[in-house]
Amino acid sequence: MRTAGIKPALALLFRNRLAGLGAIVLSLVVAICLMAPLLPVPDPDVTDPANRLLRPLAKGHLLGTDHLGRDLLARLIWGTLLSLAVGISASIIAAVVGSGIGITAGYFGGRTDNFIMRGVDMLMAFPYILLALAIVAVLGPGLLNALYAVAVVNIPFFARNIRGATVSIAHREFVDAARLSGMGDWRIVWHEILPNVLPVIAIAMSTTVGWMILETAGLSFLGLGSQPPQADLGSMLGEGRKLLISAPHASIVPGAMIFVIVMSINLLGDGVRDALDPRLRSGALSRPAPVTRIERTKIANLAPSDHLLSVNGLATHFEVGERVYKAVGGVDLAINPGECLGIIGESGSGKSVTALSLLGLVASPPGVIKAGSVHLNGEDLLAADYETLRVVRGGKVAYIFQDPLATLHPLYTIGVQLAEAIRCHRPLSAQEAHNEAIDLLSRVQIPNAAARSRNYPHEMSGGMRQRVGIAMALANDPELIIADEPTTALDVTVQAQILALLDGLRHERNLALIFITHDFGVVAQMCDQVAVMYAGRIVETGTTTEILSDPAHPYTARLMQCVPELGGGRRTLMSIPGLPPALDDLPTGCAFAERCDRARNDCSEAPLDLAAITKSRSVRCLYPGEAA
Ligand code: ADP
Ligand code: MG
């Protein structure tokens, strides 16, 4: 919580223009209302029967007068102040009581939870206005009682929301750790739970204040809130209603004010919610465009190549607010049918973003492809229209992802999902697609394919699920499969089976395979060519045998020292000291220089190129290892 400063949150709030507008209008209204005693307006309660129902702009009465000759402007200002005060107080009361109830229920759980929440459910079972009316009927009419009624009616809303938020964190490790350290329940609630649910409370409040002002106005309109002669917006509306035809301004003026304040509070509330919710802040909940935004400034002018896929100077950035994260900074790759290219690098080095950029699958916002080209069979995919891309995606080029549990739909059987993948690209009947799906399942060596096709993803083991992922990638006979750490989530024996399966399929169908991993063992087993990535760039490429036997880039060498070797005798496993550089602040020279034991002064001075050291190898280093 504390890491998110107030200033960035405000900046974020005002970037949302509508929320900014709401904030300005609301502050204006509040400022005018607060200055009411100083303003040169008449007493709002003094009647003047001689000047009844004057129209707006009458002399001395800017907004006219009401049926008792009282100045409408004065009544409007005082009435708005009262309505705002009541609405805001009611929402504070509802928030405090409701959150207290919600946190208690969510934290203690079990019988306490059951008991409290059933009570809350009972309150919720009444139509809210009926409940408010009943409360006012018992307490007697009056603005204060209307306030209590509106607060009580809204307590269940807060209680439910906050209980949900509390339940989701009450059993998290940091709460258990606090308990183990000897903290009492109430201290845990205060120090661990409350700071975490506070944003939820703030969001719930910001979105309900407007609603509560409306409810209070509603009660006053019915004559149960403020009592004459005291004005609030609801009672003014109620009094004006009787004269709607003969003197419409008496009801239009308070009505318009209700509209203005509720509208501005709601716009502001939406902005507050967006600014407080970290998921909205990162743009994760915004609907990404179907193709990554492409703003290429540099496109290399290339002679046509005969590679199946050739990538040149691909650069993908994430533009988050003012910051630009250069996740991929100029990547070149080439692959032919039947080849397997490994992309290896630490987590965060830009492997997945590279792979997703090839078919414009990086979410935009915040992703933008800034430079480069991706030619598949000679056609630049980054210049292609959406329909072409749609045919290529899952057709000629297919993906296999790390976690099939996250990529498979939990509510459909795998047979249905496979058939869907097939029918997206081929005009088959449901039955034909289903048969084909079963065929695919047996091709990836799932025993009992027909029966298994009726399983849901959660009914399968990790290895079986990844086989389904592979079957789905094979569904439309692709020319290229991009496998993004397909075995990272699996244990070693299953990993070996999956690798063998992929390797077999590749040879059987002359498939090209881009294999992303952080494991040199896997590279050794699968790949013909390797590209080593660091901080969004390829630092070394070459054939697997060459690189494994003789790494030229210090980073490659360090990465290989991190891998244990079976039968290699006793050897100390190394780790690479330091951290990768921040992607929004990359150094000018070699990005690895800070962590490199071979670095000299000139390493950090100028950008380095990927330079060829032999016919098949290139390295981005001024002082490469013995290989040079
Ligand atoms: P990996 O090599 O582990 O697959 P990725 O390609 O997923 O790494 O990520 C590369 C970098 O891009 C990471 O440092 C990550 O922080 C950054 N990144 C990925 N997605 C986003 C995003 N939506 N917004 C900002 N940065 C992102
Ligand atoms: Mg990744």
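Order of appearance sets the numbers: ligands from 1, and atoms from 1 within every ligand.
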| request: Run the numbers for me: atoms of ligand 1, each under 4.0 Å from some heavy atom of S347, listed by number. | output: 3 (O)
| note | Note: ligand 1 atoms sitting under 4.0 Å from heavy atoms of A327 are 11 (C), 12 (O)
| said: Going by the closest heavy atom to atom 6 (O) of ligand 1, which one wins out of V353, T354, D584? | reply: V353
| remark: If you compare A535, G348, G536, S349 by their heavy atoms, the one closest to atom 13 (C) of ligand 1 turns out to be G348
Under 3.5 Å, is there a donor-acceptor pair between the side chain of [X] and the main chain of [Y]?
{"X": "R293", "Y": "S364", "result": "no"}
{"X": "T407", "Y": "D403", "result": "yes"}
{"X": "E339", "Y": "N336", "result": "yes"}

| Are side-chain heavy atoms of V331 and M533 found at a separation under 4.5 Å? | yes
| request: Of all the heavy-atom pairs spanning R558 and P577, show the shortest one and how long it is. | output: NH2-CD, 3.4 Å
| query | What is the minimum heavy-atom distance between V362 and G367, and which atoms define it? | reply | CG1-CA, 4.0 Å
| said: Short of 2.8 Å from the Mg ion (ligand 2), name each protein N/O/S atom, waters not counted. | reply: S352 OG
Do we see a donor-acceptor contact under 3.5 Å between the side chains of [X] and [Y]?
{"X": "S616", "Y": "T543", "value": "no"}
{"X": "T493", "Y": "D491", "value": "yes"}
{"X": "E485", "Y": "H518", "value": "yes"}
{"X": "T487", "Y": "Q466", "value": "no"}

Under-4.0 Å heavy-atom contact with ligand 1, by part of [X] that carries it:
{"X": "P366", "answer": "side chain"}
{"X": "E346", "answer": "backbone"}
{"X": "L583", "answer": "side chain"}

Under 3.5 Å, which donor-acceptor pairs do the side chains of residues 381-392 form with other protein atoms, sequence neighbours left out?
from, atom 1, to, atom 2, distance (Å)
D385, OD1, T388, N, 3.1
D385, OD1, T388, OG1, 2.3

[X] to ligand 1: N or O pair under 3.5 Å?
{"X": "K351", "value": "yes"}
{"X": "S352", "value": "yes"}
{"X": "G350", "value": "yes"}
{"X": "E485", "value": "no"}

